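Proteins come first, then strands; the chains are lettered A, B, ... in the order of their sequence lines, and each starts at number 1. Just so it is clear, the structure is predicted and the values come from calculations on it, not from any experiment.
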Amino acid sequence: MVVRTRIAPSPTGDPHVGTAYVALFNYALARRHGGQFVLRIEDTDRQRSHPASEKMIFDALRWLRVSWDEGPDVGGPYGPYRQSERSEIYRQHAEELARKGAAYPCFCAAERLAALREEQRQKKLTLGYDRQCRGLDPAEAARRRQAGEPHVIRLAMPLDESMAVRDLLRGEVRFERPQMDDQVLLKSDGFPTYHLANVVDDHLMKISHVVRAEEWLPSLPKHVQLYRSFGWEEPVFCHLPLLRNPDRSKISKRKNPVSLEYYRRAGFLPEALLNYLALMGYAMPDERQEFSLPEFVGHFALERISLGGPVFDLEKLRWLNGVYLRKLAPRELLERLRGHLLSDEYLLRVLPLCQERIETLEDFFDYAGFFFSGEVAYGQAALSAMVPQGRTPAETAKMLSSLLEEKIDRLVEWTDAVIESELRAFGESAGWSVKELFMAVRIATTGRSATPPLFETLAVLGKETCRRRIRKAADLLKLHHKDAKDTKITKTVTS
RNA sequence: GGCGGUAUCGUCUAGGGGCUAGGACACCAGAUUCUCAAUCUGGGAACCCGGGUUCGAUUCCCGGUACCGCUACCA
């Protein structure tokens with residue numbers, strides 16, 4: 001059997017470390033068995049999908065060198081590899097199921113479903129669709145569809161007491177009926193949900209092993225039911241443990257850097273990051289900690305994956321990255337730096353912002369230092385200057401935090417124009433003058449009050465660097481707040 | 001609430017019916033060093049609990065507990 005695996009990210013935000021993690025294991029399995037590794041873009045959520053995000057995913061995976069054999073950018077025999085270009089395929093398959101009676105149209109309005117859920121919640125019942133439309137007379141359903149009444153297509157799950165499915169690592173997993181909801185397959189906008197698109201594509205693209213994150217395990221019965229309804233052979237399913245925050249919750253940006261952009265900008269070497277990721281849930285037979293991607297592939301066996309959700313330990317990643325860095329010859333290290341913050345590309349973005357503000361070449365290094373460091377140091381004076389007159393450090397900290405959560409985290413495009421309009425809008429809605437807000441952001445992101453124009457600066461620094469500095473500044477202000485007992489800062493100190 | 005998953009040092013893990021339960025990060029101490037790293041040596045540190053099965057369970061089975069995930073016309 002030809003081993004074919006895939007990674008199927010949704011382009012809805014920054015490229016995620018979890019995507020890299022799952023990609024790595026899929027890549028390793030395919031390469032180990034001389035098969036193919038496919039990249040498929042799952043952009044069926046029209047609201048949240050973003051082309052810029054798709055590009056960042058490509059870039060990030062290429063940076064990591066987990067190369068794919070088929071994908072939207074390289075093509076392949078089973079394309080297109082972007083789900084938004086396959087709508088007709090899903091629609092036809094949904095119809096096929098409806099014809100077979102394995103799926104049915106549902107005309108229930110969103111409000112009815114919401115009310116139903118609320119009622120179930122209150123009565124502490126199992127949440128799920130009550131299958132009202134499943135009993136509809138087919139002729140009537142057909143008539144209503146004909147009349148153009150909005151509807152979705154739902155999967156008719158078997159009404160048995162339980163259903164057994166198979167996971168490679170867990171063996172047989174038995175699900176009790178209450179969990180087996182009649183999942184929506186085709187949304188009222190004609191787009192498929194994950195469940196339909198995923199199964200149809202995995203089959204059509206001849207995926208032999210579905211290796212994905214554990215969060216999908218609860219929906220496995222739906223997927224298996226889909227394969228059975230179509231009369232298709234099921235692939236091997238293998239659910240990988242979820243990467244965790246230090247508090248053991250599913251890894252999230254609030255508690256851990258998750259964007260691959262962060263790791264790239266911070267200067268983690270791709271091979272070190274991959275090596276570290278491989279250590280999450282996997283151990284080489286001889287337990288060595290350091291190994292290359294080809295070595296990993298050479299020894300890889302799905303069965304060796306351990307199931308406890310591993311805590312992502314930045315500390316150990318840093319150590320491992322240091323090991324890799326120290327092994328480089330100075331020439332190679334130079335090359336790495338030239339591909340990073342000392343690339344012509346980056347310098348040519350920084351230099352124009354600094355040129356008119358320096359008088360000697362050496363001035364540049366002092367003036368532009370914050371463009372090249374990870375975090376910046378905030379002196380007492382800088383901390384004070386971040387807090388506008390008449391406002392408290394606590395207020396400022398809160399303002400910066402909500403800026404992060406309400407605006408910055410949600411931005412996919414990171415250009416000076418976008419940043420400017422978003423910052424202005426945020427200041428306005430929060431009741432802060434542009435002057436107040438921009439100075440706070442300026443100091444938070446650069447550590448100083450005299451800098452090149454703010455938006456260009458933020459654009460060059462990149463979202464991840466900005467977010468991490470703003471986070472730190474906000475945290476420091478909170479401490480400041482404790483010490484200063486919430487006193488208003490009256491004097492303005494600049495440095 | 002319901003459904004499902006998981007459980008070995010603080011963290012990542014090896015192991016497996018009888019072992020002084022091994023390694024890595026972190027931590028501590030010493031060596032080395034102009035300093036700091038790096039390096040070397042040493043140290044402390046774990047089988048969730050209760051029942052079975054067994055001559056013997058950390059390992060196998062059952063129950064509990066804890067943690068995690070899912071419970072959308074998001075993926």
So, for A:F300 and A:F25, is the gap between ring centers shorter than 6.0 Å?
yes
Select base, sugar-phosphate, or nothing to describe what A:S219 touches, counting heavy atoms under 4.0 Å on all strands.
nothing
Checking contacts here: which listed nucleotide (B:rA75, B:rC12, B:rA14) is nearest the side-chain heavy atoms of A:E287?
B:rA14
Atom pair distance, as rounded to whole Å: CZ in A:R117 and P in B:rU71:
10 Å
Base, sugar-phosphate alone, or nothing: which one does A:G128 contact when heavy atoms must sit under 4.0 Å apart?
nothing
Checking A:L243 against A:K250 for the side-chain contact (heavy atoms from CB on, under 4.5 Å) test, could you report, in this order, the C-alpha distance in whole Å, the side-chain angles of both residues, the deciding distance, and whether it holds?
CA-CA 6 Å; A:L243 259 22; A:K250 176 163 103 170; over 6 Å; no
Heavy atoms only, 4.0 Å cut-off, all strands: where does A:L242 land among base, sugar-phosphate and nothing?
sugar-phosphate
Is the A:Y129 ring parallel, tilted or perpendicular to the A:Y104 ring (thresholds 30°, 60°)?
parallel
Rounding to an integer number of angstrom, what distance separates B:rU11 and B:rA46 when you compare their P atoms?
12 Å
Counting the atoms with a prime plus P, OP1 and OP2 as sugar-phosphate, which does A:R244 contact under 4.0 Å by heavy atoms, base, sugar-phosphate, or nothing?
sugar-phosphate
At less than 3.5 Å, do the side-chain atoms of A:S188 and the base atoms of B:rC73 form a donor-acceptor pair?
yes
Using the side-chain heavy atoms of A:E42, tell me which of these nucleotides is nearest: B:rC73, B:rA14, B:rA75.
B:rA75
Assuming nearest nucleotide by heavy-atom distance, tell me which of A:C108 and A:L317 is located more 5' along RNA chain B.
A:L317
Side-chain atoms of A:V311 come closest, of B:rC70, B:rU6, B:rC12, to B:rC12
From the set B:rC3, B:rA75, B:rA26, return the single nucleotide nearest to any side-chain atom of A:E176.
B:rC3
Which of these nucleotides, B:rA26, B:rA14, B:rC74, is closest to any side-chain atom of A:T193?
B:rC74
Rounded to whole Å, how long is the line connecting atom CG of A:L314 with atom P of B:rG10?
21 Å
What is the distance from OH of A:Y21 to P of B:rC12, rounded to the nearest Å?
11 Å
Would you indicate what A:V184 reaches in the nucleic acid, counting non-hydrogen atoms under 4.0 angstrom: base, sugar-phosphate, or nothing?
sugar-phosphate
B:rC47 and B:rU20: how far apart are their C1' atoms, nearest whole angstrom?
15 Å
Does A:K187 put a side-chain nitrogen or oxygen below 4.0 Å from OP1 or OP2 of B:rA75?
yes
Heavy atoms under 4.0 Å, any strand shown: does A:R121 hit a base, just sugar-phosphate, or nothing?
nothing
Has A:K250 got a side-chain N or O lying under 4.0 Å from the OP1 or OP2 atom of B:rC70?
yes
Out of B:rG15, B:rC70, B:rG4, which nucleotide sits closest to the side chain of A:L217?
B:rG4
How many angstroms lie between OG1 in A:T465 and CG in A:L341, if you round to the nearest 0.5 Å?
8.0 Å
Which nucleotide, if any, forms a Watson-Crick or G-U wobble pair with B:rU53, using both distances under 3.5 Å?
none
Return the orientation label for the A:H223 and A:W216 ring planes: parallel under 30°, perpendicular over 60°, tilted otherwise.
tilted
Given the structure, check if the side chain of A:K316 and the base of B:rA24 hold any donor-acceptor pair shorter than 3.5 Å.
yes
From CE of A:M280 across to P of B:rA24 the rounded distance in Å is 16 Å
Please report, rounded to the nearest Å, how far the C1' atom of B:rU13 is from the CG atom of A:D313.
12 Å
For B:rC3, give the paired nucleotide (Watson-Crick: N1-N3 plus N6-O4 or O6-N4; G-U: N1-O2 and O6-N3; both under 3.5 Å), or none.
B:rG69
At under 4.0 Å between heavy atoms, what does A:R177 touch on the DNA or RNA strands: base, sugar-phosphate, or nothing?
nothing
Using atom P in both nucleotides, what's the gap between B:rC68 and B:rC12 to the nearest angstrom?
14 Å
Using a 4.0 Å heavy-atom cut-off across all strands, classify A:S10 as base, sugar-phosphate, or nothing.
sugar-phosphate
Does the plane of the ring in A:H239 sit parallel, tilted or perpendicular to the ring in A:F237? Use 30° and 60° as the thresholds.
parallel
Could you check whether A:Y194 gets within reach of a base, just the sugar-phosphate, or nothing at all, counting any heavy atom under 4.0 Å?
base
Quote, to the nearest angstrom, the P distance that separates B:rC62 from B:rC67.
23 Å
Value in whole Å for how far the C1' atom of B:rC12 lies from CG of A:L320
11 Å
Does A:R46 make a cation-pi contact with A:F191 (under 6.0 Å, within 45 degrees of the axis)?
yes
Using a 4.0 Å heavy-atom cut-off, does A:R318 contact any base of the nucleic acid, only the sugar-phosphate backbone, or nothing at all?
nothing
The Watson-Crick or G-U wobble partner of B:rA29, with both key distances under 3.5 Å, is B:rU41
Categorize A:Q289 for me: base, sugar-phosphate, or nothing, with a 4.0 angstrom heavy-atom threshold over every strand shown.
base
Pick the P atom in B:rA24 and in B:rC40, then give their distance to the nearest Å.
10 Å
Just the rounded figure in Å: distance from P of B:rU13 to CD of A:E303.
17 Å
Which value, in whole Å, describes the distance between the P atoms of nucleotides B:rC34 and B:rA26?
25 Å
Within 45° of the six-membered ring axis of A:F312 and under 6.0 Å from that ring's centre, is NZ or CZ of A:R244 located there?
no
Considering every strand shown, what is the Watson-Crick or G-U wobble mate of B:rU11 when both distances are under 3.5 Å?
B:rA24
Given the P atoms of B:rA72 and B:rG63, what is the spacing between them in whole Å?
28 Å
From the candidates B:rC70, B:rC25, B:rU71, the one with an atom nearest any side-chain atom of A:L127 is B:rU71
Any heavy-atom pair between the side chains of A:K463 and A:Y262 that's under 4.5 Å?
no
Can you find a side chain N or O atom of A:R248 that sits less than 4.0 Å from OP1 or OP2 on B:rC12?
yes
Atom CD of A:E315 and atom P of B:rA24 are separated, to the nearest Å, by 17 Å
Taking a pair as Watson-Crick or G-U wobble with both distances under 3.5 Å, which nucleotide is matched to B:rC19?
none
Under a 4.0 Å heavy-atom cut-off, which of residues 84-95 of chain A touch RNA chain B?
none
Using salt bridge (charged side-chain N to carboxylate O under 4.0 Å, His left out) as the criterion, point out the one residue from A:K206, A:R6, A:R40, A:R82 that pairs with A:D201.
A:R40
Would you please name every residue forming a salt bridge (Lys or Arg N to Asp or Glu O under 4.0 Å) with A:D409, sequence neighbours left out?
A:R254, A:R467
Any strand is fair game: report the nucleotide pairing with B:rC36 by Watson-Crick or G-U wobble, both distances under 3.5 Å, or none.
none
Does the separation of the ring centres of A:F268 and A:Y276 fall below 6.0 angstrom?
no
Taking the P atom of each, how far is B:rC9 from B:rA21, in whole Å?
15 Å
5' precedence on RNA chain B between A:R304 and A:E172 (nearest-nucleotide basis)
A:E172
